[in-house]
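The basis for the numbers below is simple: all heavy atoms, side chains too, and nothing from hydrogens, waters or symmetry mates. Here is the naming used below: chain letters follow the sequence lines, and residue numbers restart at 1 for every chain.
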Protein chains: 2
Amino acid sequence: MTLSVQAELPRILELFPSLAEIGPENWGREDVVLIELPPNHLVQEGQLLDYAVLLLDGTIRMFKISPGGREITLYRIQGGECCPLMMTSILGESEYEASACIEKPSLALAIPSGLFREWMDRYRGFRQYIFKMVGKRLILMSNLLDSINFKTIPGRVAEFLYEQTASGADTLALTHDAIATELGTAREVISRTLKSFEKEGILALTRGRIAEIKRDELERYLEY
Amino acid sequence: MTLSVQAELPRILELFPSLAEIGPENWGREDVVLIELPPNHLVQEGQLLDYAVLLLDGTIRMFKISPGGREITLYRIQGGECCPLMMTSILGESEYEASACIEKPSLALAIPSGLFREWMDRYRGFRQYIFKMVGKRLILMSNLLDSINFKTIPGRVAEFLYEQTASGADTLALTHDAIATELGTAREVISRTLKSFEKEGILALTRGRIAEIKRDELERYLEY
DNA sequence: CATGCCGTGTGACTTTGTCACGGAAGAAGA
DNA sequence: TCTTCTTCCGTGACAAAGTCACACGGCATG
């Protein structure tokens, strides 16, 4: 069974209000389809560019990977978002230069490149929405660059933990390796940093878990 | 004496062909003006956003600066280009988050934000041009991020020298500090690296000069 | 219970960044 | 020409971060 765009239209419009201005003649098209993205599927540079993808559900992690295998997460795409790198590839006919990993099973609206360009021309709100997305990521990436180049590791780890516990939880189910991958450093570095945090009583470490995280203590390490 | 937009129109259209579709009623406006940007003038975050700026001449360096004073160059804007971070700020009403330094005396076309948005809506070619610019920088920044995080210093210095000598010159008039600022590292690090290159006979160092650069020898150090 | 994998801890070493100098090249002025 | 000053460069000692090699323990699986 495949999902029908028509059936999901309410959900699509809720997530992407800017698509409201698109008329029924476009929604009826056979080449605008819903696709399911399998979890843990990897997309390398330059693929999938026949379609622009708007994510309805799940999450996709965009990252860079070095020849040595070290990774760094650039950003995540969530339901209601789209991938700016992909957008600019389609619109600028340039290369794409990052990898994507589908973290949670994802559902997406696929729009053929040509049609996507047409929509960008025709629909003002949609265009503005896409532009905002791209701008947001541009700023995000410039801040990431800033962090990598100017901040210390303890500072970045503290910041990461601080963000992850923003919802109130004081425990995270994360391996050191996962954090290293987020921040673009090595697992040993994270292990040592966390260990030193533990010695200061800021948190407690067990296998695959970071518990008893004291957010207020973390603040001491936040930079800027 | 101020320069007249009308008088410079041929030059403007040559540098920005996509502006050709804009009719005379817009070119006659009093609020579209040419401005001269003084060299070494610094622009901090969030300024100048009442106008979108299209550069006709000169160069502007966009960079990040740390609390400690270390800098890293994000990219340069040249004649015929515009600043993507500024564009996205105007279109997305978000913050701007970088500094700019006018390196060479510059001449620019200033368009009020509102009118710029109007042009973006009305003129397809102009819109596509701006989008291409933004995309180009997004990719450039993601590659820079990659370099910072994954490449070695000798690799990055070699790459920098390689690019700077692409025109054929085997001598560069650059201080070590200038290179450090380009790459986002410390002057001492660059000094040591260049010294080691000199010991290998790849180049010759004198005050404010790097001479006898052997491009083919540099290739050994290029990464990827 | 045995096996194997995965996550973690650790020490030794290399690379990069920081700090504090000092010294030399060139510009400017007397 | 000599003096003074600024800018640029070199260096050593140290701190921070990344790399490499390996060991150990928890936990799942058969």
* Structure fact -> Contacts of B:Phe131 meeting ring pair (Phe, Tyr, Trp, His ring centres under 6.0 Å) (sequence neighbours excluded), chain-then-number -> A:Phe131
* nucleotides 9-19 of chain D: protein proximity per nucleotide (B base, S sugar-phosphate only, - neither; heavy atom, under 4.0 Å) -> BBBBB---SBB
Between [X] and [Y], does any side-chain N to carboxylate O distance fall below 4.0 Å?
{"X": "A:Arg215", "Y": "A:Glu163", "result": "no"}
{"X": "A:Arg76", "Y": "A:Glu103", "result": "yes"}
{"X": "B:Lys195", "Y": "B:Glu198", "result": "yes"}

* Asked: Can you name the residues that form a salt bridge (charged side-chain N to carboxylate O under 4.0 Å, His left out) with A:Asp170, not counting sequence neighbours?
  -> none
* Structure fact -> Sequence neighbours excluded, the answer for salt bridge (charged side-chain N to carboxylate O under 4.0 Å, His left out) partners of A:Glu81 is A:Lys136, A:Arg137
* Walking along DNA chain C from 5' to 3', note the first and the last nucleotide with an atom under 4.0 Å from a heavy atom of chain A, and give both. => C:dC6 to C:dA12
Show which side-chain atoms of residues 200-213 of chain B pair as donor or acceptor with protein atoms under 3.5 Å away, not counting sequence neighbours.
unit_1	atom_1	unit_2	atom_2	d
B:Glu200	OE1	B:Arg220	NH2	3.0
B:Glu200	OE1	B:Tyr221	OH	3.1
B:Glu200	OE2	B:Tyr221	OH	2.3

